[in-house]
S.K.: 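I'd like to ask some things about the structure below.
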Protein chains: 2
Amino acid sequence: MNVTTATPPLDTPRRAIRRTRRGDEKSEQIRSTATELFLGRGYDGVSVDEIVRSVGGSKTNIYNHFRNKEGLFLAIVKGLCEDLLASFVTIDVSALDVDEGLRTFALALLGILLQDRHLAFHRLIIAETARFPALGRAWFESGPEKSRSIIAQFIEQQQRAGHLRPSDPHQSATLFHDMITFDLLHRAMLGDKPSDDEIRHRIDTAIDAFLHGFGRK
Amino acid sequence: MNVTTATPPLDTPRRAIRRTRRGDEKSEQIRSTATELFLGRGYDGVSVDEIVRSVGGSKTNIYNHFRNKEGLFLAIVKGLCEDLLASFVTIDVSALDVDEGLRTFALALLGILLQDRHLAFHRLIIAETARFPALGRAWFESGPEKSRSIIAQFIEQQQRAGHLRPSDPHQSATLFHDMITFDLLHRAMLGDKPSDDEIRHRIDTAIDAFLHGFGRK
DNA sequence: TACATATAATACCATACGGTATGATATGAA
DNA sequence: TTCATATCATACCGTATGGTATTATATGTA
């Protein structure tokens, strides 16, 4: 209801707190415990009282570390955005050819996206973007947009080496990324987890389509 | 909490109701009014009292027509699943060549998926699938799976005519469908609606990739 | 040791929700 | 017209929620 924008950011403590080791530890306990609860049952599905019961300690202290329930939630999502794709940004494909590079990216990406933890996270984001619009943006930038950029770099490099015909690298990376992820991710979100064979087969088909297309010349 | 399965389906009236014209009209009023409310603010965001205020009449009567809040919600989602893709199933591409056919499908599909009404519906489905598992299934079957099947039929027909090289038609249709939809749909869900030019460009690129690929032979 | 403050424990508040009970009124079929 | 019943209006119940107030205790620093 309150749409004024003069209020300070929500993911900030309600008042200056003297930082201390015990305090930081407690704050981390609250954050990590609440993370699992929110991932499991969504924002509305978890009450502050339940977080208190689960992490121990007092309700007041939660409201001291995080301004309110929304503040705690936003801090948690911010952390998850950074964590989930962490292993993807360190992949080194510089020594691989086109086929191997794309396959490496695809396997790593699906390995992350099909984890239960990511599925729950994805549900959370989609569901709560209506309530917290900034949240969807942050996820898109740190998720799909980031992984596509990494793939785009590789594609551009392969184009310069003459192994791919010229095109907008980011557009091409997006098409490849989407071919790989959409179907398997959505089915996994409905509880229909693809087998390793299915994953490999999907990747093979997508790489083949990406490199050669389906036209009959 | 109650996980027994002996209860009757939820989208069923709580007791036998003598069907009458006024009753059917009232039931429709409730359904259509509540549809817009749920699309706007989700399941938890809309209270039964608010539906009563909005549609007029009495709370009791809603509980007579639909067993409870969940029953009303499921009836509404079932209706939306059928409505949204209605215009897609009647498309006739039998006289078109590969390029034109794929373009026709892509334009029609995006025309549906990027509507505000569908975006809200999609959010609703993803968010509430955790609470109502059957819901995600029903949507997937009547949505993505259905549109892919229609595209697959066209691809198979073009393969038999020798205009596409042989492949699993449904796999290929899935790849094409996902290239077309994933990125634009997700960005639209975050409020970043693509322009008509962007849509056309994306479709061109995807069709080109589908037919010719990006490899340098 | 002394003092400021972070944490705890607990009771409490206002509000909102889904759902039911009850009694009055409107409607439609016999 | 009669009578069963669909609809309405309203009050109510039990429960849960986010958030605050209060008072006591543990902790770190000077």
Side-chain angles (χ1 to χ4, degrees), chain A residues 1-2 7-8 10-34 37-38 41-76 128 131-132, chain B residues 1-2 7-8 10-34 37-38 41-76 128 131-132:
Chain A
M1 291 297 177
N2 182 6
T7 51
L10 280 177
D11 53 347
T12 252
R14 58 165 29 176
R15 60 187 167 82
I17 283 194
R18 189 178 60 186
R19 300 199 42 137
T20 169
R21 221 194 69 234
R22 192 169 64 129
D24 289 352
E25 279 171 5
K26 194 69 196 180
S27 172
E28 255 316 294
Q29 280 176 33
I30 296 170
R31 199 210 291 279
S32 78
T33 304
L37 290 175
F38 279 133
R41 292 202 304 283
Y43 184 80
D44 282 321
V46 178
S47 71
V48 179
D49 284 303
E50 184 176 4
I51 296 174
V52 174
R53 278 196 302 276
S54 188
V55 74
S58 70
K59 205 170 174 178
T60 319
N61 203 27
I62 290 186
Y63 281 85
N64 280 340
H65 280 284
F66 307 89
R67 180 171 303 264
N68 51 26
K69 191 186 181 186
E70 293 190 1
L72 173 58
F73 184 71
L74 292 182
I76 281 172
E128 303 305 339
R131 194 192 316 239
F132 310 109
Chain B
M1 294 299 176
N2 182 3
T7 51
L10 279 177
D11 55 346
T12 251
R14 60 166 27 177
R15 59 186 168 81
I17 284 194
R18 190 177 60 185
R19 302 200 41 138
T20 167
R21 220 193 72 234
R22 190 169 66 128
D24 288 353
E25 279 171 4
K26 193 70 197 178
S27 172
E28 256 317 293
Q29 280 176 33
I30 296 169
R31 200 210 292 277
S32 79
T33 303
L37 290 175
F38 280 133
R41 293 203 302 284
Y43 183 79
D44 281 320
V46 178
S47 71
V48 178
D49 283 303
E50 184 175 3
I51 296 174
V52 174
R53 277 197 304 276
S54 188
V55 74
S58 70
K59 206 171 174 178
T60 318
N61 203 28
I62 290 186
Y63 281 86
N64 279 340
H65 280 285
F66 307 90
R67 181 170 304 262
N68 52 26
K69 191 187 182 186
E70 293 190 1
L72 173 59
F73 183 71
L74 292 182
I76 282 173
E128 303 306 338
R131 193 193 314 242
F132 310 108

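For clarity, every value in this text was computed on a predicted model and none was experimentally measured.
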S.K.: Please list residues of residues 23-30 of chain B whose heavy atoms come under 4.0 Å from any atom in DNA chain D, ordered by number; otherwise none.
M.R.: Gly23(B), Lys26(B)

S.K.: Which residues satisfy the side-chain contact (heavy atoms from CB on, under 4.5 Å) test with Lys69(B), sequence neighbours excluded?
M.R.: Phe38(B), Tyr43(B), Val48(B)

S.K.: Out of dA8(C), dG18(D), dG28(C), which nucleotide sits closest to the side chain of Asn61(A)?
M.R.: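 So the nucleotide nearest the side chain must be dA8(C).
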
S.K.: Starting at CG of Asn64(B) and ending at P of dT7(D), how long is that distance when rounded to a whole Å?
M.R.: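 To the nearest whole Å, that distance equals 7 Å.
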
S.K.: Rounding to 10°, can you tell me the angle the first-five-pair axis of the helix from dT1(C)-dA30(D) to dA30(C)-dT1(D) makes with its last-five-pair axis?
M.R.: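 The helix from dT1(C)-dA30(D) to dA30(C)-dT1(D) shows an end-to-end axis angle of 20°.
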
S.K.: Can you give me the closest heavy-atom contact between Leu74(B) and Phe132(B), atom names plus distance?
M.R.: CD2-CG, 4.2 Å

S.K.: Just how far, in rounded Å, is C1' of dT17(D) from CZ of Phe73(A)?
M.R.: 17 Å

S.K.: Strictly under 3.5 Å: I want the nitrogen or oxygen pairs between protein and nucleotides 9-11 of chain D, one per line.
M.R.:
| unit_1 | atom_1 | unit_2 | atom_2 | d |
| --- | --- | --- | --- | --- |
| dA9(D) | N6 | Thr60(B) | OG1 | 3.0 |

S.K.: How close or far is atom P of dG19(D) from atom CD of Glu50(A), stated in whole angstroms?
M.R.: 16 Å

S.K.: Ignoring hydrogens, what is the shortest heavy-atom contact between Ser27(A) and Phe66(A)? Give both atom names and the distance.
M.R.: OG-CZ, 3.8 Å

S.K.: Output the distance between atom CD1 (Ile51(B)) and atom CD (Gln29(B)), rounded to the nearest 0.5 Å.
M.R.: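 Going from the CD1 atom of Ile51(B) to the CD atom of Gln29(B) covers 13.5 Å.
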
S.K.: Run the salt-bridge test on Arg131(A) and Asp44(A) with the 4.0 Å N-O cut-off and return the result as yes or no.
M.R.: yes

S.K.: What residues form a side-chain hydrogen bond (donor to acceptor under 3.5 Å, both in side chains) with Lys59(B), not counting sequence neighbours?
M.R.: Asp49(B)

S.K.: Take atom CD1 of Ile51(A) and atom C1' of dT17(D), then tell me their distance rounded to the nearest Å.
M.R.: 12 Å

S.K.: Test of understanding: with side-chain hydrogen bond (donor to acceptor under 3.5 Å, both in side chains), list the residues that count as partners of Glu28(B), not counting sequence neighbours.
M.R.: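 Expected list: Arg31(B).
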
S.K.: When the distance from CZ of Phe66(B) to P of dT7(D) is rounded to whole Å, what number comes out?
M.R.: 11 Å

S.K.: Please report the closest heavy-atom contact between Leu37(B) and Val46(B), naming both atoms and the distance.
M.R.: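 Answer, listing the atom of Leu37(B) first, then Val46(B): O-CG2, 3.3 Å.
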
S.K.: Whole Å only: how far is the CZ atom of Arg41(B) from the C1' atom of dC17(C)?
M.R.: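 Atom-to-atom, Arg41(B) to dC17(C), this comes out as 14 Å.
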
S.K.: Closest-nucleotide mapping onto DNA chain C: is Asp49(B) or Arg22(B) further toward the 5' terminus? I mean the 5' end.
M.R.: Asp49(B)

S.K.: State which of dT7(C), dT17(D), dT20(D) makes the closest approach to the side chain of Ser47(A).
M.R.: dT17(D)

S.K.: Whole-Å distance between dT10(C) P and Ile62(A) CD1?
M.R.: 16 Å

S.K.: From the set dT27(C), dG19(D), dT20(C), return the single nucleotide nearest to any side-chain atom of Tyr63(B).
M.R.: dT20(C)

S.K.: Once you round it to whole Å, what is the distance between P of dG19(C) and NE2 of His65(B)?
M.R.: 17 Å

S.K.: Using every non-hydrogen atom in the two residues, find where Ala34(B) and Leu72(B) come nearest and quote the distance to one decimal.
M.R.: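 Shortest heavy-atom separation between Ala34(B) and Leu72(B) comes out as CB-CD2, 4.0 Å.
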
S.K.: Return yes if some donor-acceptor pair links the side-chain N/O of Ser54(A) with the main-chain N/O of Glu50(A) below 3.5 Å, else return no.
M.R.: no

S.K.: Please find the pair of heavy atoms, one from Val55(A) and one from Lys26(A), that lie closest to each other, and give the distance.
M.R.: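 That would be O-NZ, 3.9 Å.
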
